[in-house]
Amino acid sequence: MPIPCVTEHQALWSAVDDYIGNTLIRQDYALEAALEESRAAGLPPYNISAPQGQFLHILVRSVNARRILEIGTLGGYSTIWMANALPEKGKIVTLEVDESCARVARRNFERAGVANKVEMIFGRALETLPAIAGPFDLVFIDADKQNNPDYFQWAMKYIRPGGVIIVDNVVREGTVIDEDSDNASVIGTRRLNEMIAAEPRVTATVVQTVGSKGYDGFLIAWVKG
Ligand code: DHB
Ligand code: MG
């Protein structure tokens, strides 16, 4: 099936995200500074949007999460959104492979006052994951998409019964439905879905999203006891 061009709607989606940001979401200096620092340092603009950050924040509070695992720190923007939802003694372990991302993220955590809740582990996630101490109440996967099947297997190992696993960027402008795609991110996402479909412990769905980050979606998986 040909995938229609979605860019003609982008200005509207961004304007509505601005509207949501200006009406429902409180201004947070440290979160805005984190994005500004990320831009200034030349990090890719792959951070989640503010409405998506608020969504993750609400999810963390809804499941009463105390321990979170994040795969893919980038500049730490999503990390801060989730850390702000944790109780004082809560912890978010976040994995990053890129040195300049890690440097920017560390400064952003300090400025946001969440450094005491964040443990950043530097290195290739597939190499650092085996040594991490679980369990976690929530796992957020937002790194290189071709490795999503492996990241999900690790998430299943570390998630507590009744925990939630979120995966970013699983719709990819609709290209996820292209079964003949040679795009590594699409292939990784489709393998992830096949793996989940075959996993009886998981109840999952995808919420499609539009907004300042284009047309994409979150996978949300609940893991049985
Ligand atoms: C890309 C990665 C992301 O995590 C995202 O949210 C958007 C884009 C990317 O690698 O292109
Ligand atoms: Mg992402």
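In listed order, ligands and their atoms are each counted from 1.
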Atom 7 (C) of ligand 1 has as its nearest protein heavy atom Asn169 ND2, 3.6 Å
Measure from the Mg ion (ligand 2) to every N/O/S atom of Asp142 and report the name of the nearest one. OD1
For a distance under 2.8 Å, tell me if Asn169 has an N/O/S atom near the Mg ion (ligand 2). yes
If you measure every N or O of Tyr46 against every N or O of ligand 1, does any of those distances drop under 3.5 Å? yes
Flag Asp168 as yes if one of its N/O/S atoms falls below 2.8 Å of the Mg ion (ligand 2), otherwise no. yes
Asp168 heavy atoms within 4.0 Å reach ligand 1 at atoms 6 (O)
Backbone N or O of Val186 within a donor-acceptor pair of the Asn183 side chain at under 3.5 Å? yes
I'd like to check whether Arg172 has a polar contact with ligand 1, where a contact means an N/O of the residue lying under 3.5 Å from an N/O of the ligand. no
Evaluation steps, side-chain contact (heavy atoms from CB on, under 4.5 Å), between Thr73 and Asp98: CA-CA 9 Å; Thr73 314; Asp98 183 274; over 6 Å; no
So does Asp168 get a backbone contact from the side chain of Asp216, meaning a donor-acceptor N/O pair under 3.5 Å? no
The answer for which part of Lys145 has a heavy atom under 4.0 Å from ligand 1 is side chain
Working to the nearest 0.5 Å, report the span between CE of Met156 and CE of Met195. 10.0 Å
Whether Trp81 and His57 hold their rings parallel, tilted or perpendicular, with breakpoints at 30° and 60°: perpendicular
Tell me whether Lys117 contacts the main-chain N or O of Ala83 through its side chain, where contact means a donor paired with an acceptor under 3.5 Å. yes
